[in-house]
Amino acid sequence: IYDVTRAELLRKRDGKSLALDVLRSGEGKRIGIERCFTTFLRCAHFPARFVEGVKLDSSTQRKRVFWTEVWTEGDWWPISASGGWRARRPDAYLA
């Protein structure tokens, strides 16, 4: 699900942010791609939640960041299809 989401949904700064709009157009903002990814995991019966946070070391006005967490092995594991990382949230990210 992660690989297909990364390959098929293109990130665009001026893209859509709602999951259905991103799915229809095949492109979206980070928030839209992450919403789609969370939805895909839930549809496949993986317990998943959408997380919004801040990037503490951001030098721009845009400090909001988004990722997904999946419940496995008794804990929530962070993963980001829009950011391209898995298993360990970047140190500067705060939920």
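Nothing here was measured: the structure is a model prediction, and the numbers come from that model.
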Practice task
Count the heavy atoms belonging to other residues, nucleotides or ligands that lie under 6.0 Å from CH2 of Trp77, then report whether that count exceeds 12.
Solution key: no

Hey, could you give me the [atom1]/[atom2] distance between [X] and [Y], rounded to the nearest 0.5 Å?
{"X": "Trp67", "Y": "Arg89", "atom1": "CH2", "atom2": "CZ", "value": "5.0 Å"}
{"X": "Leu18", "Y": "Arg24", "atom1": "CG", "atom2": "CZ", "value": "10.0 Å"}
{"X": "Arg6", "Y": "Arg11", "atom1": "CZ", "atom2": "CZ", "value": "8.5 Å"}
{"X": "Lys55", "Y": "Asp91", "atom1": "NZ", "atom2": "CG", "value": "12.0 Å"}
{"X": "Ser25", "Y": "Lys16", "atom1": "OG", "atom2": "NZ", "value": "7.0 Å"}

Problem - Transitive ILVMFWY cluster of Val54, excluding itself - 4.5 Å side-chain cut-off - result: Leu56, Leu94

Heavy-atom side-chain proximity of [X] to [Y] below 4.5 angstrom:
{"X": "Ile31", "Y": "Phe50", "answer": "yes"}
{"X": "Phe40", "Y": "Leu23", "answer": "yes"}
{"X": "Pro78", "Y": "Arg88", "answer": "no"}

Practice task
Would you check if the side chain of Arg42 reaches a backbone N or O of Ala48 as a donor-acceptor pair within less than 3.5 Å?
Solution key: yes

Handout entry: Flag, side chain of Glu27 to backbone of Gly15, donor-acceptor distance under 3.5 Å
Key = no

Problem - Sole residue of Arg30, Lys63, Arg64 in salt bridge (charged side-chain N to carboxylate O under 4.0 Å, His left out) with Glu52 - result: Arg64

Specify the closest pair of heavy atoms between [X] and [Y], including all atoms of both residues, with the distance to one decimal.
{"X": "Ala95", "Y": "Val51", "value": "CB-CG1, 4.0 Å"}
{"X": "Cys36", "Y": "Ala19", "value": "SG-O, 3.1 Å"}
{"X": "Ala81", "Y": "Thr5", "value": "CB-CG2, 3.7 Å"}
{"X": "Gly83", "Y": "Glu34", "value": "N-OE1, 4.4 Å"}

Practice task
Go through the steps to decide whether Tyr93 and Trp85 satisfy the test side-chain contact (heavy atoms from CB on, under 4.5 Å), and finish with yes or no.
Solution key: CA-CA 12 Å; Tyr93 284 23; Trp85 50 266; 4.0 Å; yes

Exercise for the section: Answer yes or no on whether Arg35 is positioned over the face of Phe66, meaning its NZ or CZ is under 6.0 Å from the six-membered ring centre and within 45° of the axis. Expected result: no

Exercise for the section: Could you list all the salt bridge (charged side-chain N to carboxylate O under 4.0 Å, His left out) pairs where at least one residue sits in residues 67-77, not counting sequence neighbours? Expected result: Arg49-Glu69

Handout entry: Shared hydrophobic cluster for Leu10 and Leu20 (ILVMFWY, side-chain gaps under 4.5 Å)
Key = no

Problem - Linked, directly or transitively: Val70 and Ile33 (ILVMFWY side chains, under 4.5 Å) - result: yes

Exercise for the section: Identify the residue among Thr38, Thr68, Ile1 that makes a side-chain contact (heavy atoms from CB on, under 4.5 Å) with Ile79. Expected result: Thr68

